[in-house]
Amino acid sequence: MRRRRAGGRTMVERASKFLLVVVGSACFMLILYQYAGPGLSLGAPGGRAPPDDLDLFPTPDPHYEKKYYFPVRELERSLHFDMKGDDVIVFLHIQKTGGTTFGRHLVQNVRLEVPCDCRPGQKKCTCYRPNRRETWLFSRFSTGWSCGLHADWTELTNCVPGVLDRRDPAALRTPRKFYYITLLRDPVSRYLSEWRHVQRGATWKTSLHMCDGRTPTPEELPPCYEGTDWSGCTLQEFMDCPYNLANNRQVRMLADLSLVGCYNLSFIPEGKRAQLLLDSAKKNLRGMAFFGLTEFQRKTQYLFERTFNLKFIRPFMQYNSTRAGGVEVGEDTIRRIEELNDLDMQLYDYARDLFQQRYQYKRQLERRRGGTPRSPAACPRRTT
């Protein structure tokens, strides 16, 4: 009898220890997922989202020195985006700024009442409003290149309303409100990335470059190469072409080209043209509902979520890379690229300061209102 009782106690103790090990392991994995998981991978569209109270975003730098003055109205950027109404987000996708990844986030990674319908094998998703079959998103992965391949600010602002009117004629009863968004990138990294892309055979030659009702003439926009593409071109050849649209691409795509005679370089003197383009790009960037920076993925996510009151399911990943994007180039070459992209360099410096100030303002405002995220719930401790 004593042996049976002793054996029973041993089995109970073993079972209790096993249960404690299982519970402890589960707790450990939960904590590990909450803290490390978000930075590992975006995962599949159906993956589990991190807890709402887990702070995924960097702490603002208290020693950040502001370069430009921006009034509070330029920093707030809190919109009442009405997805059930007539509001539309328009994504201006500049080449080699991480726009493809961000565009996929918009159609696959936003927590929506009615998620976008993205079917395998199809390039576009259907993003309808919760209350009717009408799109709330104008982008490559929702409406396609409806205004031309990588349409710029000049093209989109003149094209988007008409395209949506033809797609959704029932919506003509109420004027739509358009919220333009874009991404910018360090000009040297972006330029080198575009060169590598062109070197592999990309051309974007089907882009329309529509301005003031017409496309540029061959004299206004000569090609940099003969044949079907520019594959195999060296970086020196890429930099030597004076008509290369990679030069100052971000300024050109954000500016109102009508102000400078579109692609007619003889319309106004070169110096005046450059200043008008830069000033216009800055103005349009400030007026956009949102812009992000490729180099700051988590901050970009944070500002988008707070601007539109929309939440992403999975956090953005930050890929740490060299400024040259893995391309080995000398200091002289980098200086030459900076010279060729002088307007982009000035715009990016301006945009980065505005971006950082907006992030700091939003985070400080959130903390003052008591919005600091709570710590994850602790697992029960093992008792002896």
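Because the structure is a prediction, the values reported are computed rather than measured.
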Using atom types as modelled and distance alone, determine if a side-chain donor or acceptor of Arg190 lies under 3.5 Å from a backbone N or O of Arg185.
no
Which distance, rounded to the nearest 0.5 Å, do you find between the CD of Gln357 and the OH of Tyr64?
6.0 Å
Phe81 meets the ring-ring contact (aromatic ring centres under 6.0 Å, His included) criterion, sequence neighbours left out, with Tyr179, Phe308
Out of Phe70, Tyr69, Phe355, Phe291, which one pairs with Tyr350 under the ring-ring contact (aromatic ring centres under 6.0 Å, His included) rule?
Phe70
Ring centre gap for Tyr191 and Phe238 strictly below 6.0 Å:
yes
Taking atom CG of Asn309 as the centre, does the number of heavy atoms from other residues, nucleotides or ligands within less than 6.0 Å exceed 12?
no
Can you name the closest pair of heavy atoms from Gln301 and Pro315 and give their distance?
OE1-CA, 3.4 Å
Test side-chain contact (heavy atoms from CB on, under 4.5 Å), reference Thr333, set Glu328, Glu338, Met239, output is Met239
Donor + acceptor pair across side chains of Ser280, Asp256 (<3.5 Å)
no
Quick check: does any side chain N or O of Thr203 sit under 3.5 Å from a backbone N or O of Asp229, one acting as donor and the other as acceptor?
no
Just verifying a value: how many Å separate Glu76 CD and Thr307 OG1, rounded to the nearest 0.5 Å?
11.0 Å
Do Asp186 and Glu295 make a side-chain contact, defined as non-hydrogen atoms from C-beta onward lying under 4.5 Å apart?
yes
Using the side-chain contact (heavy atoms from CB on, under 4.5 Å) rule, pick out the option among Thr135, Val163, Asp86 that qualifies with Asp168.
Thr135
Using ring-ring contact (aromatic ring centres under 6.0 Å, His included) as the criterion, point out the one residue from Phe316, Phe312, Phe57 that pairs with Phe304.
Phe312
Arg167 side chain vs Thr143 backbone, donor-acceptor pair below 3.5 Å:
no
Does Cys233 offer a backbone N or O that forms a donor-acceptor pair with the side chain of Gln199 under 3.5 Å?
yes
Decide if the gap between the ring center of His197 and the ring center of Trp204 is smaller than 6.0 angstrom.
yes
pair Pro187-Gln250: side-chain heavy atoms closer than 4.5 Å
yes
Using atom types as modelled and distance alone, determine if a side-chain donor or acceptor of Arg132 lies under 3.5 Å from a backbone N or O of Lys84.
yes
So, the side chain of Asn109 versus the backbone of Arg314: is there a donor-acceptor pair under 3.5 Å, distance only?
yes
Is there a side-chain contact between Phe290 and Thr300 in this structure, where contact means two heavy atoms from C-beta onward sitting under 4.5 Å apart?
yes
Hey, is the main chain of Asp344 close enough, under 3.5 Å, to the side chain of Asn248 for a donor-acceptor pair?
yes
Heavy atoms only: give me the nearest Arg298-Pro58 pair and the separation to one decimal.
CB-CD, 3.9 Å
Which heavy-atom pair separates Arg249 from Leu245 by the least distance, and what is that distance?
CB-O, 3.4 Å
In Å, rounded to the nearest 0.5 Å, how long is the span from CH2 of Trp230 to SG of Cys224?
4.5 Å
Let me know which of Thr97, Leu254, Asp152, Val90 forms a side-chain contact (heavy atoms from CB on, under 4.5 Å) with Thr182.
Leu254
Taking the six-membered ring of Phe91 as reference, does the NZ or CZ atom of Arg140 fall below 6.0 Å from its centre and within a 45° cone about the axis?
no
Looking only at non-hydrogen atoms, find the nearest pair between Tyr263 and Leu221 and report the distance.
CD2-CD1, 4.3 Å
Heavy-atom side-chain proximity of Pro161 to Phe178 below 4.5 angstrom:
yes
Pairing residues for Glu305 by the salt bridge (Lys or Arg N to Asp or Glu O under 4.0 Å) criterion, not counting sequence neighbours
Lys311
Is there side-chain contact between Leu354 and Leu75, with at least one heavy-atom pair below 4.5 Å?
yes
Aromatic plane relationship, Trp145 with His150 - under 30° parallel, 30 to 60° tilted, over 60° perpendicular:
tilted
Using a 3.5 Å distance criterion without hydrogens, assess whether the side chain of Arg129 forms a donor-acceptor pair with backbone atoms of Met83.
yes
Can you confirm whether Leu347 sits close enough to Lys282 that some side-chain heavy atom of one is under 4.5 Å from a side-chain heavy atom of the other?
yes
For Gln346 against Leu278, the heavy-atom pair lying closest together:
OE1-CD2, 3.4 Å
Do Glu155 and Leu208 have side-chain heavy atoms sitting under 4.5 Å apart?
yes
Rounded at 0.5 Å granularity, tell me how far SG in Cys127 sits from CZ in Phe138.
13.0 Å
Measuring from Met253:CE to Leu156:CG, what's the distance to the nearest 0.5 Å?
8.0 Å
Answer yes or no for Cys159 and Cys147: SG-SG distance under 2.5 Å.
yes
Counting distance only, does the side-chain N/O of Arg336 pair as donor-acceptor with the main-chain N or O of Gln236 below 3.5 Å?
no
Out of curiosity, Ile181 CD1 to Leu92 CG, how far, rounded to the nearest 0.5 Å?
9.5 Å
For the residue pair Ile94 and Leu183, what are the closest heavy atoms and their distance?
CD1-O, 3.9 Å
Salt bridge check, Lys96 against Glu194: does any charged N sit closer than 4.0 Å to a carboxylate O?
no
Main-chain N/O of Tyr68 paired with Asp353 side-chain donor or acceptor, under 3.5 Å
yes
Would you find more than 12 non-hydrogen atoms of other residues, nucleotides or ligands less than 6.0 Å from Tyr243 atom OH?
no
Does Ile89 reach the side chain of Tyr180, with side-chain heavy atoms less than 4.5 Å apart?
no
